[in-house]
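Data first, discussion second: the structure below is written as structure tokens.
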Amino acid sequence: MKTTIFKIIAKINKAILPSYSKRQLDLSKASKLQLAIIGWRAYVTKNALD
């Protein structure tokens, strides 16, 4: 059940949130908001995987 919810959230994130890896963002120059988005996406991805 938990994995299913996180998979749905991951699909929503992919559609809405920007992908900073495609833009080759330098983490040392990222703003706090960008770091928060990266952390959120990593958290959701980690929980969506079995």
For S31, what residues pass the side-chain contact (heavy atoms from CB on, under 4.5 Å) criterion, not counting sequence neighbours? L33, Q34
The side-chain contact (heavy atoms from CB on, under 4.5 Å) partners of K7 (sequence neighbours excluded) come to T3, A48
Minimal non-hydrogen separation, R41 against K14, with atom names: NH2-CA, 4.0 Å
If I take atom OG from residue S19 and atom CD1 from residue I37, how far apart are they, to the nearest 0.5 angstrom? 11.0 Å
Using the ring-ring contact (aromatic ring centres under 6.0 Å, His included) rule, collect all pairs that involve residues 1-27, keeping only residues at least two apart or in two chains. F6-Y43
When hydrophobic residues are tied together by side-chain contacts of less than 4.5 Å, even through go-betweens, does I9 share a cluster with L49? no
By side-chain contact (heavy atoms from CB on, under 4.5 Å), which residues pair with L27, not counting sequence neighbours? L35, I38
Run the side-chain hydrogen bond (donor to acceptor under 3.5 Å, both in side chains) test against T4 and tell me which residues pass, sequence neighbours left out. none
